[in-house]
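These notes concern the structure reproduced below.
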Amino acid sequence: MDLMVKVAAGAITAAVLGVVLRKNTPELALLLALAAGLWMVALVADGLGAVVALMEELTSLAGLSEELLEPVVKTVALSILTRLTAEVCKSAGEGGVAAFVETAGTVLARVVALPLVRAVVLMMTEMLK
């Protein structure tokens with residue numbers, strides 16, 4: 001809870017400062033948004049590590065291979081990175097670039113998930129035999 005209060009306070013401060021800076025120096029407003037975003041991601045990085053550790057623990061308890069967990073983690077990381085990058089592009093007024101980032105992120109997420117899909121199909125064919 002304390003962490004979210006820090007994130008919210010930082011976001012509100014950056015948003016207000018961004019509005020003021022955008023009038024005269026939009027480049028600084030974009031840099032402020034990037035710096036604030038990186039600061040917030042750094043604050044919650046430990047939480048992401050805890051989530052990955054829990055997923056690994058649950059994978060081992062279920063007797064699943066690490067190869068099945070890896071595509072899930074990569075897909076989640078890709079979606080977060082795609083979302084953040086697209087939002088930064090939109091803030092910079094580059095909606096077209098943001099659309100291409102979102103498309104590329106979607107394609108790459110599908111590519112990364114292919115081993116998981118393959119494993120599920122193999123598991124299903126084995127169950128049907």
Side-chain angles (χ1 to χ4, degrees):
M1 184 66 174
D2 292 334
L3 212 47
M4 190 58 210
V5 171
K6 288 180 184 178
V7 168
I12 291 170
T13 303
V16 170
L17 290 173
V19 168
V20 172
L21 285 174
R22 194 167 287 116
K23 292 177 184 176
N24 296 322
T25 53
E27 300 85 13
L28 285 179
L30 180 60
L31 288 176
L32 173 68
L34 282 171
L38 290 173
W39 174 75
M40 288 180 240
V41 169
L43 276 179
V44 299
D46 287 340
L48 290 174
V51 170
V52 171
L54 176 63
M55 289 178 67
E56 288 173 350
E57 180 181 339
L58 294 175
T59 301
S60 67
L61 287 174
L64 298 174
S65 167
E66 288 284 326
E67 294 170 355
L68 295 178
L69 176 64
E70 187 177 329
V72 174
V73 172
K74 284 183 177 180
T75 303
V76 170
L78 273 170
S79 68
I80 291 169
L81 185 58
T82 300
R83 175 76 188 258
L84 290 174
T85 305
E87 290 300 322
V88 168
C89 290
K90 288 176 186 175
S91 291
E94 295 294 333
V97 175
F100 283 113
V101 167
E102 290 169 348
T103 302
T106 301
V107 170
L108 290 174
R110 302 289 192 267
V111 170
V112 168
L114 284 176
L116 184 60
V117 172
R118 188 173 290 120
V120 169
V121 169
L122 288 174
M123 207 180 314
M124 296 291 285
T125 56
E126 287 178 16
M127 290 173 62
L128 293 174
K129 290 182 181 181

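From a predicted model like this one, the values you see are computed outputs, not experimental measurements. The basis for the numbers below is simple: all heavy atoms, side chains too, and nothing from hydrogens, waters or symmetry mates.
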Exercise. Would V52 end up clustered with L116 when hydrophobic side chains under 4.5 Å apart are linked, directly or stepwise?
Worked result: yes
Exercise. If every non-hydrogen atom of T82 is compared with every non-hydrogen atom of E102, which pair is closest and at what distance?
Worked result: CG2-CA, 3.8 Å
Problem set entry | CG on L54 to CD on E56, rounded to 0.5 Å | 10.0 Å
For this session: Locate the shortest heavy-atom distance separating L32 from G18; write the atom from each residue and the value.
Result: CD2-N, 3.6 Å
Problem set entry | Atom pair OG1 (T59) and CG (L69), whose distance is rounded to the nearest 0.5 Å | 4.0 Å
For this session: Determine the minimum heavy-atom distance between V97 and C89, stating which atoms define it.
Result: CG1-SG, 3.8 Å
Exercise. With hydrophobic residues grouped by side-chain heavy-atom distances under 4.5 Å, do V73 and V51 end up in a single group?
Worked result: yes
Exercise. Going by heavy atoms in the side chains, are L84 and V88 under 4.5 Å from each other?
Worked result: no
For this session: Kindly work out whether a path of hydrophobic side-chain contacts (I/L/V/M/F/W/Y, heavy atoms less than 4.5 Å apart) joins L81 to V101.
Result: no
Exercise. Minimum heavy-atom separation for V112 to P71, with atom names?
Worked result: O-CB, 3.4 Å
Exercise. Would you find a donor on one side and an acceptor on the other, under 3.5 Å apart, between the side chain of S79 and the backbone of V76?
Worked result: yes
Problem set entry | Cluster link V19 to L31, ILVMFWY, side chain under 4.5 Å | no
For this session: Give the minimum heavy-atom separation between K6 and L43, together with the two atoms involved.
Result: CB-CD1, 4.2 Å
For this session: With rounding to the nearest 0.5 Å, note down the distance linking CG in L34 to CG in L30.
Result: 5.0 Å
Exercise. Among the clusters formed by ILVMFWY side chains lying less than 4.5 Å apart, do V117 and V111 turn up in the same one?
Worked result: no
Seminar exercise, completed: Quick note, salt bridge (Lys or Arg N to Asp or Glu O under 4.0 Å) partners involving residues 111-129, not counting sequence neighbours, are none
For this session: State, to 0.1 Å, how close A86 and A98 come at their nearest heavy-atom pair, and which atoms those are.
Result: O-CB, 3.5 Å
Problem set entry | Rounded distance (nearest 0.5 Å) linking atom CD1 of I80 with atom CG of L48 | 5.5 Å
